[in-house]
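For reference, the structure is listed below as structure tokens.
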Amino acid sequence: MEEYPFQAIEEKWHLKWNESGLGRVQEDPAKPKYYCLVMFPYPSGSNLHMGHVRNYTIGDVIVRYKLMQGFNVLSPMGWDAFGLPAENAAIKNGIHPHEYTRNNIAVMTRQLKALDLIYDWSRELATCDPEYYRWTQWLFLQFYQAGLAYKKKNPVNWCDTCKTVLANEQVIEGACWRCKQPVGKRDLEQWYLKITDYAQRLLDDLAKLKKWPERVRTMQENWIGRSEGVEFKLRIDGTQRDLEVFTTRIDTVFGVTYVSVAPEHPILTELLACKPEGTLVAEFAEKVKLESEIERASTAKPKQGMDTGLRAINPATGEKIPVYAADYVLMEYGTGAIMAVPAHDQRDFDFARAHGLPVKVVIRPEDRDLDPAGMTEAFVADGVQVRSGAFDGLPNRAAMTKIAEWMEQQGIGRRVVNFRLRDWLISRQRYWGCPIPIVYCQKCGQVPVPEDQLPVTLPLDLTYQASGMLESSEAFVKVPCPRCGQPARRETDTMDTFIDSSWYYLRYASPRDANRVFDPTAVNYWMPVDQYIGGIEHAILHLLYSRFFTKFLHDRGLLPFDEPFAALFTQGMVLKDGQVMSKSKGNTVAADEMVGRFGIDTTRGFILFAAPPERELEWVDQGVEGIFRFLRRVYLFYQRWQEAVRPAGAAIPADLGETDRQLRRKTHQTIRRITEDLDQDFKFNTAIAAMMELVNALTGLPEPGAAGAPHPAVMRESLDALARLAAPFFPHLGEELWAMLGGAESVFKQPWPRHDQAIAAEELVTVVVQVNGKVRSRLELPPRTPSAEVERLALADERVAALAEGRKPKKVIVVPDKLVNVVF
RNA sequence: GCGAGGGUGGUGGAACUGGCAGACACGCUAGACUUAGGAUCUAGUGCCUUUGGCAUGCGGGUUCAACUCCCGCCCCUCGCACCA
């Protein structure tokens, strides 16, 4: 049996590439650069599975393609190495997180290297390395100096399983993003980064990210959650205190029948201190606080609330209305208090019905008025103002502006913009993270660690314990105050690991620079990232944080650009039995097993061919052999032809026969198709299909030397192109095919093939003949046959004539080179 | 509820600005070569009542022509969700 010795071929090129180091790059102003980055992994220590392989292969195909297009390609790899799993493993197995992480990095490095992916390993970095986190700390100090890193006491998300606080972005449906356990609230003093200062720019600049998926941009837009409205004050009757509310529907202000405040709103404790309601409200607030995030956020649950006994005065109408404490009002958003308009807000409507509060209609549909008693739901659509004083009769959209202006003139309220985005809580009560470079001194207070004393090193000689590990290290905690020299204490919280990953793409430009966070020349050469590749799960978290960091550094004058990733590609996940392939689900297909059976090229090819890369891929091994057979067919074909097509450089004669012309056409069409597929959204699956079509055409031809066999120079042209086209997808085979054709240097140093439009053009086109829109016949015509001629030929067609039954056509439509439709 | 994406043969998936639906594969069927076939090669393969008819989630519409455009539904995936 003829063989395709894939193991020997892959082994051979594995060794050659290791020697030549294809991935190693330097800044070269003479060459156009291309920075291709796959999101760096957390070194989990599990074996690489098909999900990983898909991820890295997508990046690798792009890297190899861009190399062949003549770009100076940067493709680095590193490790998002801090994090909780290392601590959990330490508790379970008694291995120090540092050792655990280092071991995992070693294991994963070996596995990645076995896949022969192109990386510049000389730039490898790990966020847990003091030479890296020194600059993470330096960046924290930049935020601190700019007043954007601050500490405050606030109710925060607390995961009791992970024993740490979480950022808003890390709470998914009320549960911890990592361990999926419900998240509670705690009042704690914590460090924050003031990302809210950048809310508007983070929103506006989404428009610049034209090469990002729409989906991700929308998710960020929703997360930032900008809303325009009016903030105004209501005097609390009988006091000198005002209650401030925020509304996006100021047009409904004449329909306010009560106000709702968050149960924990400070005005309640203040004004009810000595009243009987005070105790009841406090009890209610306590009850609400105990509810988990999930319970409180559930829209299905009936809204709870109670009358506080306080009365507020609506500045628009002068009416006195009750103040309710209600669990559906959130202290964190707006002012923590709302004006309630039951007639025009469903939540207020539900609450009013449950508590017997009045409903006042102030906006009616165009054609009729509404009777509050007959309403079963709030009227939230646009309409016309009624019972709204001077604004009656206006369309409500117009009234919105008018009322806001009136309130501003009267000094009652003002127009404001609110964001849903919260400041980024970055403290973590964990050991295995980047220490926050702050010292607390009795005399000087909060003191940042001076830059020349960085890094604040994580002590490694500790016995691991479940919590409070850093606090227990006297050597770490007890330090002299950097300012006054008196005994002081270090901050023992570490930073959220998302801080580490918010700037790593910058460090790759100059990973060994010991004096600076990055070398400006190198960063300016490589950045921004031309193509970023990663999972959709980072659509908000990592991608929003990285954009924030870049904008901040831009404002500090450290970067000339203010968006880090020019193009983003989110690859689909690999599923098995309907679930994401992951170690914890136990449904993985191991990479090394697949590679052992079929080789790297087949494994890559199968993953790339099975589905478009952005789509989810349900793993079924059936079909792997299809790719294997294809690669074998290609290899055997080159074996049969390699002697006949050598040496290179034989001229292609001008007077070729039909077979040769067809082969050249197919070759040039394939070059065109694959190049287009790679350029538009990485359509690897159809690119491979195009390659298969070419191979099907080739293998259908007579053998070398046989009668009717293609001209060797023409075959040479095909095989030369095919070797290059195949190389990014099937790198080992690509190199081998190139060598079989006599190529001395690596195929990846060869230019990407170009098609010739004239050769790719068809000599005859099929024009479909339709009668009343149904295909009845076909014509083979030279391209650009005049419409009149096409019409004549169509009408002369015997099938058409038969269907005509003597009638004259009502209409004939000709689409040049495509179709003719005869309508009777 | 809001937002985004999706629904095409037995399966994964193709189809440019509306112009031959099902490329390319998998699987299946038959045949060849074989002691053998889970190897390889060849042919066939959307469905049906086959000079034709019906088919791209369902129902309408626009058009000479609709997977593609418009209107109304259904289902699936993801994100956000009492944000005032």
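Order of the sequence lines fixes the chain letters, A, B, ..., with proteins taken first and strands second; residue numbering starts at 1 for each chain.
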Take the protein atom [atom1] of [X] and the nucleotide atom [atom2] of [N], then report the distance between them rounded to whole Å.
X	N	atom1	atom2	answer
Glu616(A)	G7(B)	CD	C1'	14 Å
Ile540(A)	C78(B)	CD1	P	15 Å
Ile627(A)	U11(B)	CD1	P	20 Å
Leu421(A)	C80(B)	CG	P	14 Å
Leu575(A)	G13(B)	CG	P	10 Å
Arg776(A)	U50(B)	CZ	C1'	13 Å
Met50(A)	G12(B)	CE	P	20 Å

What's [X] touching, base or sugar-phosphate or nothing? Going by heavy atoms closer than 4.0 Å.
X	answer
Arg633(A)	sugar-phosphate
Val815(A)	base
Arg226(A)	nothing
Arg420(A)	base

Residue pair Trp177(A) / Glu169(A), side-chain donor-acceptor N/O under 3.5 Å:
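The criterion, which ignores hydrogens and geometry beyond distance, is not satisfied for Glu169(A) and Trp177(A).
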With side chains defined as the heavy atoms from C-beta onward, is the minimum distance between Met407(A) and Val230(A) less than 4.5 Å?
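Touching, per the 4.5 Å side-chain cut-off.
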Does atom CG (Asp681(A)) have a neighbourhood of more than 12 heavy atoms from anything else shown, all under 6.0 Å?
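No, CG of Asp681(A) has 12 or fewer neighbouring heavy atoms, counting only those of other groups under 6.0 Å.
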Heavy atoms from C-beta onward define the side chain here; which of [options] lies closest to that of [X]?
X	options	value
Lys774(A)	A25(B), A23(B), G53(B)	G53(B)
Arg629(A)	U40(B), C20(B), A25(B)	U40(B)
Asn222(A)	G13(B), C24(B), G3(B)	G3(B)
Thr686(A)	A4(B), A84(B), A15(B)	A15(B)
Pro612(A)	A14(B), A25(B), U40(B)	A14(B)
Arg632(A)	C82(B), C24(B), A39(B)	A39(B)
Gln770(A)	A14(B), G19(B), C82(B)	G19(B)
Ile813(A)	C82(B), G3(B), G19(B)	G19(B)
Asn821(A)	A65(B), A39(B), A84(B)	A65(B)
Glu693(A)	U40(B), A4(B), A23(B)	A23(B)

Could you pick out which residue, Val624(A) or Val775(A), lies toward the 5' side of RNA chain B when each is mapped onto its nearest nucleotide?
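Closest to the 5' end, via its nearest nucleotide, is Val775(A).
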Do the side chains of Glu214(A) and Arg217(A) get close enough for a salt bridge, i.e. N-O under 4.0 angstrom?
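Looking at Arg217(A) together with Glu214(A), the answer is yes, because their closest N to O distance falls below 4.0 Å.
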Are any of the side-chain nitrogens in Arg665(A) or Glu762(A) under 4.0 Å away from the carboxylate oxygens of its partner?
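Result for this pair is yes, salt bridge flagged.
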Atom CG of Leu795(A) and atom NZ of Lys808(A): how far apart are they, to the nearest 0.5 Å?
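With rounding to 0.5 Å, CG (Leu795(A)) is 10.5 Å from NZ (Lys808(A)).
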Met50(A) side, atom CE; Glu593(A) side, atom CD - distance, nearest 0.5 Å:
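Going from CE on Met50(A) over to CD on Glu593(A), the span is 8.0 Å.
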Can a donor-acceptor pair under 3.5 Å be found between the side-chain atoms of Lys811(A) and the base atoms of C64(B)?
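Absent.
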When the C1' atoms of U11(B) and A84(B) are considered, how many whole Å apart are they?
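Going atom to atom, C1' in each nucleotide, I get 50 Å.
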Could you summarise the pairing of RNA chain B as dot-bracket text, marking Watson-Crick and G-U pairs under 3.5 Å with ( ) or [ ] inside the strand and | across strands?
(((((((..(((......[....)))((((((.......))))))(((...)))..(((((..]....))))))))))))....
Thr252(A) and side-chain contact (heavy atoms from CB on, under 4.5 Å): which single residue from Lys360(A), Met400(A), His344(A) fits?
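Answer after filtering Lys360(A), Met400(A), His344(A): His344(A).
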Would G9(B) be called syn or anti, given that syn covers angles within 90° of 0?
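Here the answer is syn: the torsion falls within 90° of 0.
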Shortest non-hydrogen contact from Thr401(A) to Arg415(A)?
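That would be CG2-NH1, 4.1 Å.
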